[in-house]
Amino acid sequence: VTKSVDRRIAAMIQAINEKDWSRFCDLTMADSNEMHAACLDAFPPCVYMTDTSHAVAALVHEYNAAVVEDSMPELKMCYTFDAGPNACLFVPGAAVCYVLTLLLKVFPPPENTTIDAYLRGLSCSAPALPPNLDAVGNDLNAIYHNPNNPTGVRLQYILHTTVGDGPHILATANHVSSSSNNNGLAAAESIITAVPDTTATGSGVSTTGTSSKTTAAIMPYSCHLIDPLTGNPVFASHVS
């Protein structure tokens, strides 16, 4: 742990300083994978990721392979899983609508769920996917939704929101947020959050307390990569 963490922190600092988005994505996913591998290596193992979690991770890797093949590594996205099944996705603003369209193609709304109830938060036009991403969606659909797996791997809903506006200075006396720092990431595009269908069978189950429902999710967090001195984002403002 001491060797791996130190190396990865140094590499992450370098990626941020150099504004290397592609490298940032690779390091973020590698760090998440290593943490969950360590959990699985415990005895008894700590199993956090579910089948839905792995399906989301597979979609991210297939999407990235497609955009890199088209020489557009700046459109890569990445996931990170905390100590749970929730996949937090970091998505460039220019790719948000394509990613949402791809998610809807691979994880369509559950039966009797309207699109408004399924796709929550900010509206986003659903563009036609380019041939390479459309092929990714078709391939994953064939895996997750077929006669041998009739219920498929499904999500409960997708939430599309904006990123936060970065760190705030708290007043020492009353801990009220200062409004003096308004630079943040207000111009950034969005965060996508999706929660899996708890009624679908054939997916992994994560039990918390007395609940035995599937809790895997895509829950991208706000990307607070902000220079603490200037309040400006270290990546371009379109990164979500």
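Please read all numbers here as calculations on a predicted model, not as lab measurements.
Looking at Leu140 and Leu59, their side chains come closer than 4.5 Å, going by heavy atoms from C-beta outward. Side chains of Pro73 and Val67 form no contact here, defined as non-hydrogen atoms less than 4.5 Å apart. The shortest side-chain heavy-atom distance between Tyr63 and Leu75 falls under the 4.5 Å cut-off. The closest side-chain heavy-atom distance from Arg154 to Pro108 is below 4.5 Å. In this structure, Val56 and Phe107 have side chains that are in contact, with non-hydrogen atoms separated by less than 4.5 Å.
Donor-acceptor pairing under 3.5 Å is recorded for the side chains of Asn33 and Tyr79. Using modelled atom types and a 3.5 Å distance limit, the side chains of Glu34 and Ser4 yield a donor-acceptor pair.
Heavy atoms only, all atoms of each residue included: Asn64 and Lys76 are closest at OD1-CA, 3.4 Å. When all heavy atoms are compared, the tightest approach of Leu133 to Leu102 is O-CD1, 3.7 Å. His36 approaches Tyr48 most closely through the heavy-atom pair CE1-CB, 3.6 Å. Here the closest non-hydrogen pair linking Thr50 and Pro85 is CG2-CB, 4.1 Å. Phe24 and Ala15 make their closest contact through N-CB, 4.0 Å (heavy atoms, listed as atom of the first residue, atom of the second, distance). Considering all non-hydrogen atoms of both residues, Arg8 and Leu27 come closest at CD-O, 4.0 Å.
Here the side chain of His145 pairs a donor or acceptor atom with the backbone of Val106 at under 3.5 angstrom. At distances below 3.5 Å, at least one donor-acceptor pair connects side-chain atoms of Asn146 with backbone N or O atoms of Asn148. With hydrogens and angles disregarded, a donor-acceptor distance shorter than 3.5 Å links the side chain of His160 to the backbone of Leu122. Remark: side-chain polar atoms of Ser32 are not paired, donor with acceptor, to backbone N or O of Met29 under 3.5 angstrom.
At a threshold of 4.5 Å between side-chain heavy atoms, the hydrophobic network of Ile, Leu, Val, Met, Phe, Trp and Tyr places Val47 and Met35 in two separate groups.
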Practice prompt. Evaluate the criterion salt bridge (charged side-chain N to carboxylate O under 4.0 Å, His left out) for residue pair Glu18 and Arg23; output intermediate values, then yes/no.
Written response: CA-CA 10 Å; Glu18 296 176 357; Arg23 181 67 173 152; over 6 Å; no

Worksheet item: Can Cys97 and Cys124 be said to form a disulfide bond (SG atoms under 2.5 Å apart), step by step?
Response: CA-CA 6 Å; Cys97 291; Cys124 184; 1.9 Å; yes

